[in-house]
Protein chains: 2
Amino acid sequence: MKVVKNSKKRDAVRAYIMGTDSHPTAEEIYAKVRTIFPRISLGTVYRNLNQMEESGEIKRLSFTDGPDHYDYNTSTHYHYICRKCGRIYDMPTGVKDAILKAVEAGAPGTVESHDLVFYGVCNECRNSSGNLL
Amino acid sequence: MKVVKNSKKRDAVRAYIMGTDSHPTAEEIYAKVRTIFPRISLGTVYRNLNQMEESGEIKRLSFTDGPDHYDYNTSTHYHYICRKCGRIYDMPTGVKDAILKAVEAGAPGTVESHDLVFYGVCNECRNSSGNLL
DNA sequence: ATTAATAATAGTAATGATTATTGTTTTAAT
DNA sequence: ATTAAAACAATAATCATTACTATTATTAAT
């Protein structure tokens, strides 16, 4: 069994993820952590993200386009992506039970997990006048 | 405005997708169409898939891991992926209304579309004894 | 039917995100 | 302090997909 050793770089990656609600990508995390450790490599960010995902500390979010994002919130919840600004919001949690209840009956097997993503234009984008899209 | 011209290759791609429920990948489509047009290139498959997706003929499915899949069924419906065999099933349609109703209230913007994927082990895999996973 | 314009194609190079490799540096248990 | 393993930086490799380019096929107008 492999021992996990301390790592200042991993600490910095973890600290950044835990401190933001922005669901950052590996590149964004890399850019931030580099202000503290200018010589950290992108591979180190990916390796630590994968390790933290495997240990259940964080969750990886994959969407149709673009790179993966990372989320410190590992409980089952859903996301909303604005097609103008690309921001990723958390959805309120009330939805989940309704979905699971409606689904269980008709699935072609056991349902162990599910991913649900909503797309639209967020209120902030709708209200700002200088839109490009 | 760009004119769409006839294309035997595109016809073959379309015919294969329309004739299968397996939600094939570009590579799988490529392999099949190559039995008819041995010199077709993978780029041609991708180009035609993208064109058919833009025109609304087919739908592209992106999942967390692996390549994209393509679906002739463009109406809103959900998928179930077996984590043993990887097969992609269609989910029964009753789920949708419950979800939309539960969601509309709390979203941070308009909800224009959503993607929902379920993961589990399908009954076929559960019942087969010679499993490797 | 011939021509001319342009869409479609094959073949290949390029891209973007991620993973793998390798030689060096840290960590932590003795 | 010694040592074994984990973490690292730097870089190469991989995979899915897109872009490029010279050629071929399709179509509309003559």
Side-chain angles (χ1 to χ4, degrees), chain A residues 1-17 22-55 57-71 81 86 88 117, chain B residues 1-17 22-55 57-71 81 86 88 117:
Chain A
M1 51 230 72
K2 113 183 57 174
V3 178
V4 175
K5 296 190 175 180
N6 266 359
S7 150
K8 312 245 170 72
K9 315 292 168 62
R10 190 186 309 123
D11 290 345
V13 169
R14 182 186 297 109
Y16 178 63
I17 298 177
S22 71
H23 309 86
T25 64
E27 284 281 0
E28 287 160 2
I29 295 162
Y30 175 57
K32 279 292 177 185
V33 174
R34 219 158 34 144
T35 65
I36 303 166
F37 296 102
R39 303 195 65 80
I40 195 175
S41 80
L42 183 55
T44 294
V45 173
Y46 272 109
R47 177 166 26 76
N48 281 309
L49 287 171
N50 285 340
Q51 182 180 304
M52 290 165 71
E53 189 201 5
E54 270 185 60
S55 76
E57 274 190 277
I58 62 173
K59 214 175 170 185
R60 184 161 61 102
L61 311 176
S62 294
F63 305 111
T64 300
D65 295 305
D68 290 348
H69 295 250
Y70 294 88
D71 193 343
I81 302 177
I88 301 171
V117 184
Chain B
M1 51 231 70
K2 116 185 52 175
V3 177
V4 176
K5 296 189 175 179
N6 267 0
S7 151
K8 312 244 171 73
K9 315 292 169 63
R10 181 160 58 241
D11 291 345
V13 169
R14 181 186 296 110
Y16 178 62
I17 298 177
S22 70
H23 308 87
T25 64
E27 283 282 0
E28 287 160 2
I29 295 163
Y30 175 57
K32 279 292 177 185
V33 174
R34 221 161 30 145
T35 65
I36 304 166
F37 296 102
R39 303 195 67 80
I40 194 174
S41 79
L42 183 55
T44 294
V45 173
Y46 273 110
R47 180 168 24 77
N48 281 309
L49 288 171
N50 285 340
Q51 183 181 304
M52 291 164 71
E53 190 202 4
E54 271 184 59
S55 75
E57 273 191 279
I58 61 172
K59 214 174 169 186
R60 184 162 60 102
L61 311 176
S62 293
F63 305 112
T64 300
D65 294 306
D68 290 348
H69 295 249
Y70 294 88
D71 193 343
I81 302 177
I88 300 170
V117 183

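Every value quoted in this text rests on a predicted model; they were computed, and no experiment measured them. Within every chain, numbering begins at 1; the chains are lettered A, B, ... in the order of the sequence lines, protein sequences first and strands thereafter.
Closest approach of B:L49 to B:I17, counting heavy atoms only: CD2-CD1, 3.3 Å. In plain terms, the two heavy atoms of B:E57 and B:R14 that are nearest each other are OE2-NE, 2.6 Å. Taking each heavy atom of A:E28 and A:H23 in turn, the nearest pair found is OE1-O, 4.5 Å. Residue A:T25 comes nearest to A:Y70 through the heavy atom pair C-CD1, 4.4 Å, listed as atom of the first residue, atom of the second, then distance. When all heavy atoms are compared, the tightest approach of B:L42 to B:A26 is CD1-O, 4.2 Å.
At whole-Å resolution of the value, NE2 in A:H69 and C1' in C:dG16 are 14 Å apart. In this structure, the OH atom of B:Y30 is 14 Å from the P atom of D:dT17, given to the nearest Å. One interatomic measurement links the two molecules: CG of B:D68 to P of D:dT18, which rounds to 8 Å at whole-angstrom precision. A straight line from CD of A:E27 to C1' of C:dT15 spans 14 Å, rounded to a whole angstrom. Atom CG in A:L42 sits about 14 Å away from atom C1' in C:dA20, given to the nearest Å. Regarding A:D65, its CG atom lies at a distance of 13 Å from the C1' atom of D:dA16, rounded to whole Å. Straight-line distance from the CD atom of A:E54 to the P atom of C:dT19: 10 Å, rounded to whole Å. We find that CD1 of B:I40 is positioned 16 Å from P of C:dT12, with the value rounded to whole Å.
Remark: B:K5 is not in phosphate contact with D:dA28, judged by side-chain N or O atoms under 4.0 Å from OP1 or OP2. For A:N6, a side-chain nitrogen or oxygen approaches OP1 or OP2 of C:dA28 to under 4.0 Å. Phosphate contact (OP1/OP2 of D:dA7, side-chain N/O of A:R47, threshold under 4.0 Å): absent. Close to D:dT18, at under 4.0 Å from its OP1 or OP2, lies no side-chain N or O of B:Y46. Close to C:dT9, at under 4.0 Å from its OP1 or OP2, lies no side-chain N or O of B:T44. Residue B:K9 places at least one side-chain N or O under 4.0 Å from the OP1 or OP2 atom of C:dA10. Residue A:R39 has a polar side-chain atom (N or O) positioned under 4.0 Å from OP1 or OP2 of D:dA10. Contact annotation: A:N48 side-chain N/O to D:dA7 OP1/OP2 distance is not under 4.0 Å. Taking side-chain N and O atoms only, B:Q51 has no distance below 4.0 Å to OP1 or OP2 of C:dA7. The phosphate of C:dT9 (OP1 or OP2) has a side-chain N or O of B:S7 nearer than 4.0 angstrom. Side-chain nitrogen and oxygen atoms of A:K8 include none within less than 4.0 Å of the OP1 or OP2 phosphate oxygen of D:dA7.
Along DNA chain C, the nucleotide closest to B:G43 and the one closest to B:V3 are compared, and the more 5′ of them pairs with B:V3.
Checking D:dA7, D:dT18, C:dT19 against every side-chain atom of A:N50, the shortest atom distance belongs to C:dT19.
For the pair B:D11 and B:K8, the salt-bridge criterion is not met [side-chain N within less than 4.0 Å of a carboxylate O].
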